[in-house]
Amino acid sequence: MGQTPSVSTTILGADEVILNMGPQHPSTHGVLRVKLKLDGEKVISSECIIGYLHRGVEKIGETRTYAQFAPYVDRTDYVAAVSNGLGYCEAVEKLLGAEAPPRARWVRTILTELQRIASHLLWLGTHALDIGAMTPVFYCFREREEILKIFEKYCGARLTTHAFRIGGLLYETYDGFEEDVKKFCHDFLSRVDEYEELLTENRIWIQRTRGVGILTADDAIAMGASGPVLRGSGVKWDIRRAFPYAAYDQFEFDIPVGENGDTYDRYLVRMQEMRQSHRIVLQAIDSIPSGPIAARIGKVLKPPPGEVYHSIEAPKGELGYYIVSDGSTQPYRLRIRPPSFVNLQVLDQMIRGLLIADVVAVIGTLDIVLGEVDR
Amino acid sequence: MPENYVPILMFGVIAFLFPVVTLWFASLLRPDSRDVGFRRKPYECGVPPEGDARGRFGVRFYIIAILFVIFDVETIFLFPWAVQYKALGLFGLVEMLVFLGILIVGYIWLYKKGALEWV
Amino acid sequence: MADEQQKKPEQKPAPTPAGEQKAAPPKPPARPVPPKPEPLDNELIRRLRARFSEAIGEATLDRKQAIVVVQPSRFLDVCDYLRTEEKFDFLTDLTAVDWYGREKRFDLILNLYSFSHNQRLRLKVPLGEDTHCPSVTGLWGTANWLERECFDMFGIVFDGHPDLRRILLPDGWKGHPLRKDYDILQQDVAWVKENLGIESGQ
Amino acid sequence: MTTLLEILDQPLVLALIRVLIVFTALSLIVAYLVYAERKILAHIQVRLGPMRVGPHGLLQPIADGLKLLLKEDIIPEGADRAVFWLAPAITVLASFTAFSLIPFADNFYVTDVNVGLLFVIAISSLGVLGIILGGWASNSHYPLLGALRSTAQLVSYEVALSFALISAILLAGTLSMNGIVKAQLQQGVWFAFMQPVAFFILFVAAIAETNRNPFDLPEAESELVAGFHTEYSGFRFSLFFLAEYAAMVLVSSIAVTLFLGGWLRPFPNVEWLGFLRFAPVVVFGAAGTWCFLRFFRFPTGREWFWQRLMLFALGAGAAAAALGLLYPPVLVASQGAFWFLAKVFLFLYAFIWFRGTFPRYRFDQLMRLGWHFMIPLAIVNVIFCGVGLVLSWELGWNRSLSLLLASGATLLVAAWLARERS
Amino acid sequence: MVPTWHYLALAAALFTVGVIGVLTRRNIIIIFMSLELILNAVNINLIAFARHWGSVDGHIFAIFIITVAAAEAAVGLGILIAFFRNRDTVNADEIDLLKW
Amino acid sequence: MTFYEVTFYVLAVVALLSAILVITCRNPVHSAIFLVLTLLSVALIFLQLQAEFMAAVQIIVYIGGIMVLFLFVIMLVNLDVAVRQAPYNRQRWIAGFAALVLLAEFTLFIYQGRDWAKLPPAAAEAVQPNTELIGRALFQNYILPFEVASLLLLVAMVGAVLMAKQR
């Protein structure tokens, strides 16, 4: 996409220079392009240029039936496809007035929490890689692989899973599902300790992240940040608690929050979240109710006219679906409220006055996925 | 005495010729470069670069270079001292202390002035 | 009033231990009752109506979610009031719906959330094709990119926006894709050339 | 035959032969250092590393070299062609040539001059030019920024490095590289034990000088893409790459020569440990034996033919080497080279290990560490070392004791400086 | 053995080249480089004489000259940087103000 | 001619040619590269004159330090403007003339001193071991200049930093 540069090379001060970071940059996590105005290596201001991955998903939604559209949401945040699917299916269910049966909700919760762990693992690996620690990424992928194997066994796909269907599940859990999940859970906490051993107390890691990219709670709220970014700033808010969905109201878990809103806090928050997810999965796996796995909603979905907004706590923040129905088989309007997009907006504010190296750290700590930013 | 240096020169020449010869040799082996599309554009993360890259970068780099030159010269004075240290003894130590002391004063001044701060 | 805020869900069935009902074949539950929007009248709406009388239009509860229609004339005041007085300090989402053929063609949708009350509120602002809408960037920083996206996709112009440019599409793009009269089936080679300025590879 | 021997006896011809031996060995070591790094990192990171080319990927460096030779040669638009071409050559020159002054064994070095260490510093300081010219010639933002960073980093830590070297020279009293090793033989102790702080400074500065993690900012791929050689591809890139690894070997060699006794075996003055000089023979012999044992247990069959052949050849080579090493002059050279390389590899392993373990410093933190901690500490260390030596001469104190006292005082200063930093 | 005056001749030639550079070039940076040439020419003389008389005093002088050269380069280029930031030029003939 | 004589003449020619290129190149970076070449040749000439310590110092300080400083400055200032402008100033003919006069003077002096210059030079080993002799001379005969050098460096450091830091 040949976007013409919009900020012309204005007359710069003696030490100012414009540096273009992305879209082909090793650490902008995809095709993000950040235009940095630098004073030496210090960032004066920045501008995000996005849209390189824009595929018009919302427009596509208007020309597909509800069921046909479900695989598309997997491709927005492609590292947390299960979560996307959960949000979409629940939104449509709400639009229909239907509700998935308990067993489906339990399985959904387990898979979504596993997906959250997988997403955070990917984040941790790449974030550490951005800050120059190259080993955690391999450890993280080792555990992520286990999760993806469970997904693969469950629905045949690893990345863009399309695991859930509107109204519940398509597949019953496979034989040994519970054992696989338990086996994963058994090792997982010690593995998280392993990552933390490499990073949490590491002087260089602390120097690189503490006090970097500070976002105050007020700013975070004003800028609409959600998910770990918001919680890292000390706002104890989690949609799983605020508006419980799936089966989250049945489980005990803590909402980790940070204190200073810096990169280190967001790191700690996500590390804690992985432990909490592990806790939820352990509770859920022991109490999966039996029963049907799908609600009776009919083959042709024709939700009555009206609209619904439903959001879930995706790994990256509040993932919302706003669907307007005109009574036909296709959504009249389908809006995806992408957490990455809104969180990315905070970047400029966070990196002003920092150095180029911090830009990378801050982009990493926001945990964006460009597929979701651009949709 | 200078004949001891000839092997260094030889080594240098060989080390310098190694890239030259290999590059020339490689140019015989490899297929011709096809200059199509954007492949010869400077890397700017996938977008056409704006302005001239040989632009201006922070003056801090320059201060580092200045300080380096100064300290480089200082170490040059230290080498003969270190070699002759046994012969010079206490007197040499005092001399060097005065010498270093003056520069340490400068160093403290730099420190207070903030010239050693990067940002 | 939005009623999603029950933290203790009473109506949820208690989890039945696995295996207890294994013998019984899974029976699909009954077909759901289609939800119907119903008019909404609660304290908040009454306060709003008292303060902004005619600017507050219809208020409905659709799928248990509160929706209030606000006229663009006093839209900014309403937002300001909601943010400062009613503590809707979090702008979750800002988007639009194109009701092609309607007199006031667009609905601007604002999804508000209040941390202190844990409740959501949806504002709907009907806008004509040429009506400009005041920007809420001054109230919620979030609105910046969201309004840009709205402008990009629908062509709604936000007055007072600091930097209203296209955000997802290239600057030279023609048309606003999420409008209903934007035909996505005409993307042939000529179209690509016109819009993107590149030779299509198709 | 006599003529050939006569030709070989010419000092220049002899020197040339030595130069060629060192150059070739160095190139091989560098190539296999890359392989070793990939393997070690892979094992740190629970993966296998190169496995495809040859057994355990042993031929990978050769395959890489061939690939890089055959790659397209791209010179970016607007680049200064001559300078673009010159820069990698300078870098290679700088990091290879200094090896002509490193003593690998008592009787094996290319040359030994009076001011050897100064020349090592001088030659390796030319490398900065290659980096800065390479970054400039590319006519691109990232390389330029990378080059400036790189240069600033190199020159900053060069100051600390020079001061650390001066501490060693204070002990040795000579600038000749072989002289420094012999001084350690004479004093019966490696200088690392007399000057631990200087050794530590040298070690840290060495990591910074070679752009290794956690100081690998000049080519921090997550920020500056690839630093000063972003625009370099194909063989030109590999020249920078080679030079970088050669520089790793070089700084390790300097550190080993100055602080770890160079080619001396451990405890060089303890007579009864003299059997250690047969270490290379034992190692090669053991390797040969192992190869033969494996050879006989190896599955026979056509598909294993080449592997068996290779194993046999390796075993035969090792055994022959073990026998050849028993020839006295060769034994002296080989045992020196053996201990020297063993120590160098210890260093190199640490380099690789750090790369697998540490995150990367930020540039300002790196500079602050350099200018606020390392350089003052290095200066203070030189002063205290001098004071300690004078104490031992003038007051007749025990030399080791006074030096240890000096180191203790330096450590106090270090603690104070560290407090200042945080 | 190379006669000493050959070194002197080389030094003289280098010196002259440096002087020409200083006098004719507009770019201050190149003028500074020409100054370095001049200083080097002097150093050659000093070392050549030291060799001729078999004493290291010439070397000492040369070291001091190199020290001076380093100081000169540091300060001179510092001034140049300051000048460039104010006037955006590196041309010697545009430095015609006594104060800016 | 012996090997060492050949070395000298080759180095002299290289030094002179690259010196001429230093002052004629339009691009300051090229000038700097040629200056490096000149300095390197001069360093080798020092080596050939038994001044090994000086040769090393020349490389370390000049090439490794001062030239890096030059290159930094070239990169800090906008180069393209300088390249496009006329490289020489208006006084080039006067300057050329002055230089010729200077050269003539040098020739005259060297010619006059030819007899003296024919005196046998000292033994080759007179200045060996180089570093040790320099150390002794520097720290015994030239104490004052040595300490003054430290002051000079201090002043240079302060001056340069002040100059570059001012806004």
Extract all donor-acceptor atom pairs below 3.5 Å that involve side chains of residues 149-159 of chain F and protein atoms in other chains or at least two apart in sequence.
unit_1   : atom_1 : unit_2  : atom_2 : d
F:Ser150 : OG     : B:Phe99 : O      : 3.4

Query raised in the report: Of all the residues in residues 59-66 of chain F, which have a heavy atom that comes within less than 4.5 Å of a heavy atom in chain E?
Result: F:Val61, F:Tyr62, F:Ile66
Could you tabulate the donor-acceptor pairs under 3.5 Å formed by side-chain atoms of residues 9-21 of chain E, not counting sequence neighbours?
unit_1  : atom_1 : unit_2  : atom_2 : d
E:Thr16 : OG1    : E:Ala12 : O      : 2.7

Query raised in the report: Does F:Phe53 reach the side chain of E:Ile63, with side-chain heavy atoms less than 4.5 Å apart?
Result: yes
Query raised in the report: What distance do E:Ile29 atom CD1 and F:Ser31 atom OG have between them, rounded to the nearest 0.5 Å?
Result: 9.5 Å
Report summary line: Okay, F:Ala32 and chain E: the region with an atom under 4.5 Å from a heavy atom over there is both
Report summary line: Value for CE (F:Met54) from CD1 (E:Ile65), rounded to nearest 0.5 Å, stands at 8.5 Å
Query raised in the report: Using non-hydrogen atoms only, which part of E:Glu36 is less than 4.5 Å away from chain F: side chain, backbone, both, or neither?
Result: both
Report task. Could I get the full list of side-chain hydrogen bond (donor to acceptor under 3.5 Å, both in side chains) partners for F:Asn141, not counting sequence neighbours? Result -> none
Report summary line: CD1 (E:Ile30) and CD1 (F:Ile74) are apart, to the nearest 0.5 Å, by 7.5 Å
Report summary line: Okay, F:Thr38 and chain E: the region with an atom under 4.5 Å from a heavy atom over there is side chain
Report task. Working to the nearest 0.5 Å, report the span between OH of E:Tyr7 and CD1 of F:Ile45. Result -> 7.5 Å
Query raised in the report: F:Leu100, F:Leu69, F:Thr107: which one forms the most heavy-atom pairs within less than 4.5 Å of chain E?
Result: F:Leu69
Report summary line: Okay, F:Leu35 and chain E: the region with an atom under 4.5 Å from a heavy atom over there is side chain
Report task. Against chain F, label E:Ile60 side chain, backbone, both or neither, depending on which of its atoms sit under 4.5 Å from a heavy atom there. Result -> side chain
**Report entry** F:Gln58 portion near chain E, given a 4.5 angstrom heavy-atom threshold
**Finding:** both
Query raised in the report: When rounded to the nearest 0.5 angstrom, what distance separates OG1 in E:Thr24 from CD1 in F:Ile94?
Result: 11.5 Å
Requested in this report: Report the C-alpha distance between E:Ile44 and F:Val42 in whole Å, list the side-chain angles of each, state the deciding distance to 0.1 Å, and finish with yes or no for side-chain contact (heavy atoms from CB on, under 4.5 Å).
Outcome: CA-CA 7 Å; E:Ile44 294 180; F:Val42 173; 3.7 Å; yes
Query raised in the report: If you tally heavy-atom pairs under 4.5 Å against chain F, which of E:Ala62, E:Gly58, E:Ser34 wins?
Result: E:Ala62
Query - From CE (E:Met33) to CE (F:Met67), nearest 0.5 Å - result: 5.0 Å
Query - Side chain, backbone, both or neither of E:Ile47 within contact of chain F (heavy atoms, under 4.5 Å) - result: both
Report task. Please assess E:Phe32 against F:Val73 for the test side-chain contact (heavy atoms from CB on, under 4.5 Å), listing each intermediate value before the final yes or no. Result -> CA-CA 11 Å; E:Phe32 272 122; F:Val73 173; over 6 Å; no
Report task. Mind ranking F:Phe70, F:Phe146, F:Phe46 by heavy-atom pairs under 4.5 Å with chain E and telling me who comes out on top? Result -> F:Phe70
Requested in this report: Give the ring-plane orientation class for F:Tyr142 versus E:Phe61, where under 30° counts as parallel, over 60° as perpendicular and anything between as tilted.
Outcome: perpendicular
